[in-house]
Structure formats: C-alpha cells, structure tokens
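If you're wondering where the values come from, they're calculated on a predicted model, not measured in any experiment. Computed over heavy atoms, backbone and side chain alike; hydrogens, waters and symmetry mates excluded.
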Amino acid sequence: MIARRRAGSAMLIALLLLAVAGVITAAWLTLMTARSGLVGEMAAAVQRRIALENSRALAQEFLLERVIASSSGVAFSYDLPDPAWGGIRVPAWNAAPLLSVQKAAGVNAFNPGNGDGYTLDLAVTLMDGDANPARRFSVKSRSPLLAGRVLVSQAPTLTPGAAVAIGALTVGPAAFVWSPNLAMAFVPASYALPEGAAALAFGGVLMNDLAQPRQVANPRLGGAPIFDGQFDAIDNAAPAANSLVAKTAGGTLVSGSSPLAVNGVSSDGAGNVTITLNTAGLGNILIAGEVSALTLAGQAGVNNAAADNLPAILIVLDQPLSSTRDLTTLTLSGHNRRRVVLAVKKAGGAGTLPLQFTTAGADWRLLLELENTPVSLTASGSALLRGGIRSDRTIALGGGAVTITAETDPKLLERLASRNAWVESNVP
C-alpha cells in the first residue's frame with residue numbers, strides 16, 4: 001500500500017514537472033516569436049527613419065536648387081527608385097523667396113540671419129512609407145550686413161583665381177570671408193568662414209566656428225545657384241525679380257550723359273552726378289552708366305533728426321560694358337543719417353575706384369554693395385561707416401582710418417538690401 005502511494009506521488013510529481021516544462025517551453029516559444037516580431041518591427045522602423053531622412057534631404061536640396069532662384073513653381077513630386085526609400089510632395093508656390101516680406105513665424109537664433117529675416121514657407125510631405133508627415137520648410141533670407149556681419153568678402157566672379165585683399169579697416173561686430181587669404185589685413189572683433197576654408201589669423205581674435213548652413217549669395221548665376229560665395233545680385237538676369245536693379249523700378253532713372261535736376265538728383269550731362277540725400281522727395285535711383293563721378297551729399301551735422309526720419313532709399317549704379325564713361329570717382333561729403341543702400345556694379349571690373357570721405361570725422365549711415373568693383377577708401381582723418389560693405393573684389397585703405405560698425409535700426413533697409421538665402425525645416 002505504501003509502495004503504491006509512493007509510485008502515485010512520483011507520477012504526480014513527474015506530471016507536474018512535465019506541465020511546468022510545457023509552460024516554460026510555451027512561454028519561451030512565445031517570447032521567441034515576440035522577439036522575432038520585434039526585430040521585424042525595428043527593421044521596419046529603421047527603414048521608415050531612413051526614408052524620412054532621405055526625404056528631408058531631398059526636400060532641402062529641392063528648395064536650395066529650385067525654389068530659391070525662382071519666382072514661382074508648380075507642384076512637384078518625386079520618389080526615389082525604390083519608393084520605400086523615400087520621396088517628397090512639394091506644393092506649388094507663386095512668390096520669389098528673395099522678395100518675401102513675410103517674417104518668420106519661428107525664431108532660430110543661430111541661423112545666418114542672426115535670428116531674423118524674411119521667409120517663404122512650404123508644407124512639404126515627406127514620404128516615409130507610413131505616416132508621411134508634413135513639415136514646414138522655410139527659405140529664409142536676410143542681408144548679412146544687417147545680421148551683424150558688417151564686412152562680407154565674397155568670392156570673385158570675373159577672376160576667381162585672384163586673391164581679394166582687405167585693407168586695415170576696423171570691423172565690428174563681425175566679418176564673413178568666403179575666400180580667406182594672406183592679403184587680408186583688416187582688424188575684426190569676430191569673424192567666420194565657410195565650411196572647409198583655410199583659417200585666418202587676426203592677432204588672437206577667435207573665429208566663430210558655429211556650423212554654417214549652405215547659403216546662396218546670389219540668386220542665380222549661369223542657370224543654377226552657386227554656393228561658393230560668388231556674388232551676383234545687383235543685375236542678375238534670371239530671375240530679374242531678385243535683383244537690386246529690379247527693386248529700383250518706379251524710381252528715378254539717371255544717365256550721366258543726359259542733363260537732369262529732379263528731387264535731389266542732378267546730372268550735368270558730362271558724366272557728373274550728385275545726389276542730395278536729405279531731399280524729402282528723393283526715392284530709389286537707377287544710374288544706368290555713362291557716369292565718371294558720383295557724389296552723395298549728406299548733411300552738415302552728425303545727428304540730423306530730419307534725415308533720420310526720411311525713408312530708406314536704394315541707389316544702384318549699373319555700368320555696362322557699352323558705357324562710354326567709367327566711374328572713377330565716388331565721393332561721400334558731409335555726414336549722413338539717412339538710411340541708404342548704394343550698390344555699384346562695373347561690368348568690366350577694371351581699375352580701382354577711389355571712394356573718399358571728404359569731411360573730417362565723417363559719420364555715414366550706409367550699406368555699400370560692390371560687384372566687380374575694387375575700391376580704395378580714403379578718410380579725412382577718420383570715418384565711421386554705420387552699416388557695412390559687401391564686395392567680391394579688393395577693399396583697400398588709401399588713407400586715414402575707417403571703422404565699420406553695425407546699423408542698429410535698419411527699418412526699410414531690410415527690404416532694399418541684397419540677401420543671402422538658406423533653408424530650414426521645422427515641425428508644423
């Protein structure tokens with residue numbers, strides 16, 4: 001009897017062990033199945049993330065290459081050869097990004113616009129094979145001179161192999177140099193270079209080495225945007241709406257060969273043009289060549305409230321190769337408190353243009369934009385330029401001391417100055 005009980009107990013224990021083993025085996029099989037499914041889900045998630053990043057890169061490049069240099073565009077769709085790897089759906093747009101006057105909804109304090117600027121926003125669908133999220137991509141733009149970089153040395157367009165020299169100017173708060181070289185003697189408070197550029201040495205001044213996004217310094221050159229710092233914004237042909245010449249539409253048209261006297265603009269017909277900046281009726285001006293001497297007449301005193309309250313103006317001197325006269329003298333007389341953009345483009349690019357501050361201790365509010373126009377600045381003792389200089393050629397210091405500082409209250413200058421453009425993306 002006792003033996004039977006022992007045998008029954010052993011059998012019961014064996015059955016219990018078999019049951020436990022079965023449960024453990026079933027649990028193990030369930031776990032293995034779940035883990036196998038997890039691997040599959042993780043692989044699919046990785047694939048979606050890769051597709052999302054591919055799509056983001058596609059959208060970024062499309063806006064840089066196609067949208068920045070345009071005035072409008074139709075809806076655009078593109079899928080990678082394997083749709084699982086990503087694609088984009090871009091809506092139509094009907095505005096030129098570099099003419100936008102819409103301020104950005106979000107602020108990125110570390111962008112090239114120093115946290116400010118204009119934007120053209122597009123809601124782009126990024127194909128990731130699942131949610132296909134929409135993201136707000138923004139073509140941002142702002143003048144680098146108004147973003148704190150008061151000296152911008154662009155890459156030359158006529159002779160790309162030639163070094164651009166910068167004389168011993170005093171520059172603050174910051175400069176940006178697209179093509180650094182040993183012929184740069186200016187003294188900056190801070191400076192930045194494009195990615196991959198050889199470093200400059202400025203006597204212990206530290207370089208701002210924050211990552212720089214790809215920027216377009218000209219809207220379109222030779223049919224496509226150029227990202228190496230070449231400057232073609234004064235009279236670029238495609239699309240014309242992005243040029244400074246186009247922004248003077250409706251203003252005063254001047255030829256140095258035709259006598260003129262209207263709203264503070266005078267031409268003697270012999271190549272000499274004078275613009276009196278404190279004239280209330282003075283607006284934007286396009287000087288279409290035939291000029292040998294240009295004088296901007298400011299005010300007698302440094303702090304002129306009346307000039308400060310006048311609207312900002314844009315003055316463009318676009319000298320084509322067909323011009324029978326060459327601009328050889330640029331004079332800034334007196335002081336100036338009016339907000340002014342002066343853009344000069346010489347198609348030939350030959351010869352250095354003397355730019356002279358004729359008043360001792362001259363204090364000038366001015367953004368100076370120069371294409372193919374090397375200049376030599378001369379001050380009567382010293383001169384202060386409030387705004388900045390953007391040029392793709394040499395800026396020499398011919399005499400005196402010139403200090404460049406920032407414009408602190410630009411107002412309408414923001415819309416009149418040429419801009420750099422870049423692309424940002426944000427979650428809606």
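- Proximity of a side-chain donor or acceptor of K140 to a complementary backbone N or O of G117 within less than 3.5 Å is not detected.
- Checked by atom type and distance alone, the side chain of Q154 pairs as donor or acceptor with a backbone atom of G229 at under 3.5 Å.
- With S55 contributing its side chain and M127 its backbone, the two residues share a donor-acceptor pair below 3.5 Å.
- Residues T405 and V150 are not in side-chain contact: their nearest non-hydrogen atoms beyond the backbone lie 4.5 Å or more apart.
- Checking S143 against E414 by side-chain atom types alone, no donor-acceptor pair falls below 3.5 Å.
- Not a single side chain to side chain donor-acceptor pair (under 3.5 Å) links R49 to another residue, sequence neighbours left out.
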Side-chain atoms of residues 249-258: list all donor-acceptor pairs with protein atoms under 3.5 Å, sequence neighbours left out, distances to 0.1 Å.
{"from": "S255", "atom 1": "OG", "to": "S257", "atom 2": "N", "distance (Å)": "3.3"}
{"from": "S257", "atom 1": "OG", "to": "R325", "atom 2": "NH1", "distance (Å)": "2.7"}

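- T328 and D326 share no side-chain donor-acceptor pair at under 3.5 Å.
- Contact record, D128 with R48: O-CG, 3.3 Å, taken as the closest heavy-atom pair.
- Side chain of T329 to main chain of A293: no donor-acceptor pair is present (N/O by atom type, distance under 3.5 Å, no hydrogens or angles).
- In this structure, N284 contributes its side chain and L314 its backbone to a donor-acceptor pair below 3.5 Å.
- The closest donor-acceptor contact from the side chain of R339 to the backbone of D308 lies under 3.5 Å.
- The main-chain N or O of A288 is never found under 3.5 Å from a side-chain atom of D318 such that the two would form a donor-acceptor pair.
- When only modelled atom types and interatomic distance are considered, S243 and D235 share no side-chain donor-acceptor pair under 3.5 Å.
- Using a 3.5 Å distance cut-off with no hydrogens or angles, the side chains of N272 and D268 do pair a donor with an acceptor.
- Of all the heavy atoms in G148 and P173, the pair that sits closest is O-CG, 3.2 Å.
- Between W364 and F357, the ring-plane angle classifies as perpendicular under the 30° and 60° cut-offs.
- Side-chain atoms of Q299 and N278 form no donor-acceptor pair, as typed in the model, at a separation below 3.5 Å.
- A distance-only check finds a donor-acceptor pair linking the side chain of N54 to the backbone of W85 [under 3.5 Å].
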Please lay out, stage by stage, how V316 and K247 fare under the test side-chain contact (heavy atoms from CB on, under 4.5 Å). CA-CA 9 Å; V316 176; K247 290 185 178 183; over 6 Å; no
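- For the pair D232 and K345, the salt-bridge criterion is met [side-chain N within less than 4.0 Å of a carboxylate O].
- Not a single donor-acceptor pair under 3.5 Å links the side chain of S323 to the backbone N or O of P320.
- When side chains are defined from C-beta on, L294 counts as touching I275, because their heavy atoms get closer than 4.5 Å.
- Side chain of D228 to backbone of Q230: a donor-acceptor contact under 3.5 angstrom is found.
- With contacts defined as side-chain heavy-atom distances shorter than 4.5 Å, the pair V152/W178 qualifies.
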